[in-house]
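Down below is the structure, laid out as structure tokens.
Everything numeric in this text was worked out from a predicted model, so none of it was measured. Note on naming: letters A, B, ... go to the chains in the order of the sequence lines (proteins, then strands), and numbering restarts at 1 for each one.
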There are 2 protein chains.
Amino acid sequence: MSNPRIRLDVDARRAQLLEHALTLFSAKTFDEVSVADVARAAGVSQGLLYHYFPGKRALFLAALESAADRLVSEAIVTSELPAHAGAAERYASLRAGLDHYLRWVEQRAVAYRFLLRGGFGSDPDVAAVVSRTRDAFVDRIREGLGAGPDDPTARCLGIGWAAMVEVVSLEWLETADLTRCEVVEVLSQAAARLFAPLVMKG
Amino acid sequence: MSNPRIRLDVDARRAQLLEHALTLFSAKTFDEVSVADVARAAGVSQGLLYHYFPGKRALFLAALESAADRLVSEAIVTSELPAHAGAAERYASLRAGLDHYLRWVEQRAVAYRFLLRGGFGSDPDVAAVVSRTRDAFVDRIREGLGAGPDDPTARCLGIGWAAMVEVVSLEWLETADLTRCEVVEVLSQAAARLFAPLVMKG
DNA sequence: ATCCACTATTGAATATGAGTCAACAGTGGC
DNA sequence: GCCACTGTTGACTCATATTCAATAGTGGAT
């Protein structure tokens, strides 16, 4: 670069690099983004990047953590409720919390996608495979359940429950603190509670 | 390699390569597994791999898809129900389906982890960040809800609902076929239905 | 049985991009 | 205006993804 050197203090430079890394890693896969890309975006030599981060992977993780930190500190709020608040009050508080969360998600869409897909799904092809599998799952369940209505809300619930099954299954594999039967119990009851209103309606 | 050349027909070789790829990619990150590793595991030259797959990424995706295909065809079953089956019958069928699913997950744990964490989540550090974020989320909700019991079942439900929130939020970002308010509605009602029994008990 | 065309397979060569390092240049104190 | 300090650079090394011309099993025709 023929640019004159611009000297920043450590924190500013680090933050700037993280910002650019986050943007790039949000748009493309880990291995599609080169260290050179990040450096170029920040208008900085490649070597400097290694002065601030031990390596590409560390840079990626740092960006991920910064996204996570922001999410936790900004998006997840809880209004202080009196100890013996009623159910209705609690419910209202939950809704308010969710609304705040979704507003944040809406605004910081890029960072949110990065955090949750970041692991794997910036890659559209990978996301497609997982998504296709999930849809197949939802479809068969819908058949089995006698296929209620097919409005967006129902679809939403279906996808949500499928995600629940996936994550709970994974968690079960890792920690094994429930028996298979108990997991079946939890998930099927969940389905019953979630879908009962729909099935009745349809 | 000093091995004598072993000649296989296309399908057998391709399947063998996929199998080894799946095993390796399940254990390590995409970029931690080298093409040479896969070739070595299969006892084959690196060049041959490129005869069967256009590149590393394609190999990875093919392995992912094969895992997905197996999941869909083997793990997701639905027993044929009579058209006007009662609710109890449907529920029993759902439970049976889930049990079958979880048995499959148990047996094919490696492939399952690969499929869902696959892209990048074999990476423990990435998984840790996402998991930590989710836990923070669950914790705050628990507080807000007046913290019911903390048995594994409740934890399971909490994680499941959090996963639901995440995936539904992502889906909402992509397709935007619901308003924010509607999403809040779906998710908070889901929470109410899922957690109501617990909160009463606790 | 032997040659032949066909294609699975190899090993070495090339290209791309991650990571290293000694030299350079702003910046603040004397 | 000189000096020590540290943010910054660009050219180097090295690992590994990708390519390709050459090699060797295989099955069929004579």
Side-chain angles (χ1 to χ4, degrees), chain A residues 1-64 118 120 122-123 125-126, chain B residues 1-25 27-64 118-120 122-123 125-126:
Chain A
M1 294 277 165
S2 52
N3 288 4
R5 296 192 173 184
I6 295 172
R7 202 186 167 102
L8 295 178
D9 71 292
V10 176
D11 290 345
R13 181 64 80 191
R14 197 186 144 89
Q16 183 214 12
L17 292 176
L18 274 182
E19 200 58 39
H20 285 287
L22 198 146
T23 306
L24 289 175
F25 282 130
S26 301
K28 296 174 154 203
T29 318
F30 178 79
D31 61 303
E32 281 172 344
V33 176
S34 72
V35 174
D37 289 338
V38 180
R40 198 174 321 120
V44 132
S45 80
Q46 203 167 326
L48 187 60
L49 232 156
Y50 284 88
H51 184 73
Y52 284 89
F53 301 93
K56 185 183 182 183
R57 191 191 142 82
L59 173 64
F60 180 88
L61 278 173
L64 199 67
F120 62 96
S122 344
D123 188 330
D125 295 322
V126 172
Chain B
M1 293 282 164
S2 51
N3 289 3
R5 295 192 174 185
I6 295 173
R7 204 186 166 101
L8 295 177
D9 71 291
V10 176
D11 290 344
R13 181 65 81 192
R14 199 185 143 88
Q16 183 213 11
L17 292 176
L18 274 183
E19 199 59 37
H20 285 287
L22 197 147
T23 305
L24 289 174
F25 282 130
K28 296 174 155 200
T29 318
F30 178 80
D31 60 304
E32 282 171 345
V33 176
S34 73
V35 174
D37 289 337
V38 180
R40 198 174 323 119
V44 131
S45 81
Q46 207 165 324
L48 187 59
L49 233 157
Y50 283 87
H51 184 73
Y52 285 89
F53 302 93
K56 185 183 180 183
R57 190 192 144 80
L59 173 64
F60 179 88
L61 278 174
L64 199 68
F120 204 55
S122 351
D123 190 328
D125 295 323
V126 172

Within residues 11-22 of chain B: residues closer than 4.0 Å to DNA chain C (heavy atoms): Arg13(B)
Gln46(B) CD - dC20(D) P separation (whole Å): 15 Å
Among dT9(D), dT9(C), dG7(D), the one nearest Leu8(B) by side-chain distance: dT9(C)
Nucleotide dT16(C), atom C1' - distance to CZ of Arg40(A) in whole Å: 13 Å
Set of side chain to side chain contact (heavy atoms under 4.5 Å, CB included) partners for Arg14(B), sequence neighbours left out: Tyr52(B), Phe53(B), Ala62(B)
Candidates dG25(D), dT9(D), dG26(C) - which lies nearest the side chain of Arg7(B): dG25(D)
Residue pairs involving residues 50-59 of chain B (criterion salt bridge (charged side-chain N to carboxylate O under 4.0 Å, His left out); sequence neighbours excluded): Glu32(A)-Arg57(B), Asp123(A)-Arg57(B), Asp125(A)-Arg57(B)
Interatomic distance where CG belongs to Asp37(B) and C1' belongs to dT18(D) [whole Å]: 16 Å
Distance, rounded to the nearest Å, where Leu59(B) contributes CG and dT18(D) contributes C1': 14 Å
Set of side chain to side chain contact (heavy atoms under 4.5 Å, CB included) partners for Ala58(B), sequence neighbours left out: Pro54(B)
NE2-OG distance between His51(A) and Ser45(A), expressed to the nearest 0.5 angstrom: 10.5 Å
Strand contacts (DNA chain D) in residues 48-57 of chain B, 4.0 angstrom heavy-atom criterion: Tyr50(B), Gly55(B), Lys56(B)
Ala42(A) backbone acceptor or donor facing Gln16(A) side chain under 3.5 Å: yes
Nearest-nucleotide pick for Ser45(A), side chain only, options being dG10(D), dG19(C), dG11(C): dG10(D)
Of the listed nucleotides dA24(D), dT9(D), dA17(D), the one nearest the side chain of Ser34(B): dA17(D)
Going by atom type alone, with no hydrogens or angles, which donor-acceptor pairs under 3.5 Å involve a side-chain atom of residues 18-25 of chain A and a protein atom two or more places apart or on another chain?
from	atom 1	to	atom 2	distance (Å)
Glu19(A)	OE1	Arg70(A)	NH2	3.3
Thr23(A)	OG1	Glu19(A)	O	3.0

